[in-house]
Structures are given as structure tokens and as C-alpha cells.
Asker: 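One structure is given below, represented as C-alpha cells, and several questions about it will come after.
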Amino acid sequence: MELGEGFGPTDAITPAKITGAHAGVIRRRAVKDMQEQSALTRSLAEVFTPTWVVRFMIDEADWAWRQSFLQSVSFEYWLSYVQSRRLEIACGEAPFLVNRYDAADGTVIALAERTGILSRKLALVNEHTADRNAWLHWALKALRSTYGYEYQGDNLLIARVNVLRTMEDFLEAAGFECFSAAEYRVLVDAITWNIWQMDGLTNCVPFSRSKVEAITDSLFSAEPADLDEKTYGDCRIRDWETDRTIDFNEVRGANEMKFDYVIGNPP
């Protein structure tokens with residue numbers, strides 16, 4: 001879809017660009033025509049996983065996590081499950097995280113049948129909490145321990161909306177009053193940190209290069225690299241347990257935060 005100046009690959013998505021006359025710019029894959037879907041598959045390897053495959057893969061990952069948990073029980077099972085760190089790579093519209101609908105054909109999925117990572121966590125929160133404050137506490141823990149990254153800005157926006165709507169869905173199912181403005185701000189802060197834009201091949205912001213590349217290039221250049229935000233795009237994520245941000249490249253380091261499992265379609 002050619003929309004002209006301001007709608008290029010590196011331009012920011014703003015409210016004015018996706019509302020009013022441009023309300024149809026951001027669309028789920030399922031409502032795009034086959035020609036556009038095929039073009040995205042060829043150019044960006046965009047392939048969305050059917051719900052039954054998503055369910056099978058998460059079931060297998062959960063089984064492996066459960067075996068590890070049972071060998072080192074130190075916390076009540078549901079609390080450990082809710083707080084376990086999980087990451088969906090190349091998350092698209094977040095089918096592995098929340099699967100509000102079948103990403104392949106757009107079929108809406110009933111709340112009781114959703115099997116995404118965050119959906120499973122929130123189902124446990126609904127089952128084990130009796131008041132709204134407790135629900136908010138553990139639902140936020142569930143959200144802050146659930147991560148996903150995506151290359152394409154339009155998919156990323158849809159993924160973030162799907163995560164927020166899922167929080168609303170489970171709050172309503174629990175029978176509690178809707179989120180306040182202040183609570184929404186907390187949720188949105190967590191979602192924008194945890195569901196972020198990244199090139200999974202470089203672990204950098206799309207169309208940028210890493211700090212290491214910039215430094216290396218400067219060794220063979222007459223001019224030293226100017227290492228500001230315009231030079232490199234290393235992605236940083238938040239470790240909510242320690243309330244600090246770290247380079248995603250360091251996530252698997254010996255002294256850094258780790259994910260209990262990583263799942264999804266490879267980039």
C-alpha cells in the first residue's frame with residue numbers, strides 16, 4: 001500500500017496516520033488479500049501460525065517447564081507459573097502470547113479456549129484471586145514476565161493492542177470494575193517495554209546497526225564513530241524484578257535475566 005511521504009519504513013506511527021482517512025492502514029493479516037499476504041511472506045518471511053499449532057507448541061514447552069519446576073519446588077506452582085519469564089520471538093500479532101483470534105484466518109477465540117502464554121497466566125490469576133487488588137498485583141506480575149519482539153511496526157502495534165485487550169478481557173471475566181486511567185498508564189508502560197520492535201537477526205532496532213559494529217567500523221576509518229542514538233540501535237529491555245534496563249544481547253549472560261523458555265516462529 002503506497003501512501004506517500006510520512007508512511008515509509010522508518011517513519012513513526014502516529015495517531016493521525018492510522019485514524020480518520022487512514023483508518024484502514026493498520027490491518028490484521030487475516031483481512032489482507034491473498035496477494036498482499038503472499039508479498040509479505042516473500043519479502044519479510046511473514047507466516048502466522050494456526051491456533052492448533054500454537055497450542056501444541058506451548059503445551060510442549062509448558063510440560064518441559066513443569067518437569068523442571070517439580071524437581072526444584074520452592075514456590076507454589078501457580079505463582080511460579082504466573083511469574084515465569086517467557087518470550088515470543090518474531091511475535092507478529094502475538095498469537096503465542098494471547099491468541100485472541102486465529103492469526104491465520106481471523107476466527108475469534110472464546111476466552112475459555114485461549115491458550116496463549118499470557119492468557120494461561122491470567123486464567124490462573126482469575127482462578128486463584130478473590131479481590132481486585134490481588135488480581136491487579138498478580139496480573140501485572142504475569143504481564144511483566146511476558147515478552148515479545150517484532151520487526152514490523154504495524155504488527156507490533158496490533159500485538160500491543162491484543163495484549164492490552166487481553167488484560168481487559170480477563171479483568172472483566174473476573175467480575176471486577178474496569179481499569180482506571182492510572183492503571184492503564186501502568187499497563188501501557190509494561191506493554192511498551194515488554195513488546196518491542198527489533199530485528200531478530202541483529203538484535204537491533206530495524207534499519208540500524210549495533211554499537212559493536214560502530215566501534216569496529218571506526219577502527220578501520222579515518223574518523224572515529226560518533227556513538228550516539230543515531231549511530232546504533234541496540235535494543236534494551238526492562239528486568240522488572242531488579243527495576244533496571246539491560247541490552248537484549250546480554251539477556252543470556254551469566255549474571256543477567258534469563259527466560260524460562262523462548263517460543264515462536266524464527267525470524
Side-chain angles (χ1 to χ4, degrees), residues 26-32 34 36-38 40-41 44-69 77-78 80-127 139 141-170 173 190-191 194-198 200-201 237 259-267:
I26 303 294
R27 294 174 296 152
R28 291 181 288 126
R29 178 181 171 87
V31 302
K32 296 173 182 175
M34 293 303 297
E36 188 175 357
Q37 290 187 25
S38 297
L40 289 169
T41 299
L44 297 169
E46 179 184 283
V47 178
F48 281 27
T49 312
T51 295
W52 73 268
V53 177
V54 171
R55 181 181 297 109
F56 175 80
M57 291 176 67
I58 298 177
D59 282 347
E60 291 296 304
D62 271 0
W63 182 87
W65 179 87
R66 189 176 299 110
Q67 302 313 303
S68 176
F69 170 82
Y77 174 79
W78 81 270
S80 295
Y81 188 97
V82 163
Q83 297 178 89
S84 62
R85 288 198 185 101
R86 302 175 182 201
L87 167 69
E88 179 181 0
I89 62 174
C91 70
E93 297 172 14
F96 284 89
L97 299 184
V98 294
N99 72 317
R100 299 183 64 241
Y101 50 82
D102 191 311
D105 61 20
T107 303
V108 176
I109 300 174
L111 193 70
E113 298 175 3
R114 297 182 194 174
T115 57
I117 291 168
L118 181 59
S119 300
R120 295 181 187 212
K121 290 183 176 187
L122 293 176
L124 285 173
V125 173
N126 279 19
E127 180 182 348
K141 291 275 191 182
L143 174 61
R144 285 177 169 172
S145 58
T146 305
Y147 296 78
Y149 68 78
E150 167 59 22
Y151 182 90
Q152 295 176 237
D154 56 348
N155 287 340
L156 178 71
L157 177 59
I158 294 172
R160 287 173 168 177
V161 170
N162 280 334
V163 170
L164 181 60
R165 291 296 303 275
T166 295
M167 298 294 289
E168 294 173 333
D169 291 341
F170 278 91
I191 290 170
N194 282 32
I195 315 297
W196 77 99
Q197 189 170 22
M198 185 174 79
L201 299 179
I237 62 174
F259 293 104
D260 291 285
Y261 67 67
V262 177
I263 198 167
N265 294 312

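If you read the sequence from its start, that first residue is 1, and numbering goes on from there.
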Asker: What orientation do Y147 and F259 show, parallel under 30°, tilted 30 to 60°, or perpendicular over 60°?
Answerer: perpendicular
Asker: Does the ring center of W65 lie less than 6.0 Å from the ring center of Y77?
Answerer: yes
Asker: Would you find a donor on one side and an acceptor on the other, under 3.5 Å apart, between the side chain of S119 and the backbone of V98?
Answerer: yes
Asker: Return the CG to SG distance between N194 and C91, rounded to the nearest 0.5 Å.
Answerer: 11.0 Å
Asker: Can you tell me how far apart CE (M198) and CG (L156) are? Round to the nearest 0.5 Å.
Answerer: 11.5 Å
Asker: How would you list, by chain and number, every residue that makes a side chain to side chain donor-acceptor pair (under 3.5 Å) with T51, sequence neighbours excluded?
Answerer: D102
Asker: Look at the side chain of D260 and the backbone N and O of R86, then say whether any donor-acceptor pair between them is shorter than 3.5 Å.
Answerer: no
Asker: Between the main-chain N or O of E93 and the side-chain N or O of N162, is there a donor-acceptor pair closer than 3.5 Å?
Answerer: yes
Asker: Minimum heavy-atom separation for R120 and D62, please, with both atom names.
Answerer: NH1-OD2, 3.0 Å
Asker: Does R66 come within less than 4.0 Å of D59, counting only side-chain N to carboxylate O?
Answerer: no
Asker: Counting distance only, does the side-chain N/O of E88 pair as donor-acceptor with the main-chain N or O of L97 below 3.5 Å?
Answerer: yes
Asker: I'd like a table of donor-acceptor pairs (distance under 3.5 Å, sequence neighbours excluded) in which one partner is a side-chain atom from residues 109-117, with atom names and distances.
Answerer:
| from | atom 1 | to | atom 2 | distance (Å) |
| --- | --- | --- | --- | --- |
| R114 | NE | I109 | O | 3.2 |
| R114 | NH1 | D169 | OD2 | 2.8 |
| R114 | NH2 | D169 | OD2 | 3.4 |

Asker: How close do A173 and N126 get, heavy atom to heavy atom, and via which atoms?
Answerer: CB-ND2, 3.9 Å
Asker: Is a side-chain N or O of T166 found less than 3.5 angstrom from the main chain of R100, in a donor-acceptor match?
Answerer: no
Asker: Specify the closest pair of heavy atoms between A190 and L143, including all atoms of both residues, with the distance to one decimal.
Answerer: CB-CD2, 3.8 Å
Asker: Of all the heavy-atom pairs spanning V54 and P95, show the shortest one and how long it is.
Answerer: CG1-O, 3.6 Å
Asker: List the atom of Q152, the atom of Q197, and the distance in Å for their closest heavy-atom pair.
Answerer: C-NE2, 3.9 Å
Asker: Report yes or no: does E150 contribute a side-chain atom to a donor-acceptor pair with the main-chain N or O of G92 at less than 3.5 Å?
Answerer: yes
Asker: Quick one: closest heavy-atom pair of S84 and K121, and the distance?
Answerer: O-NZ, 2.7 Å
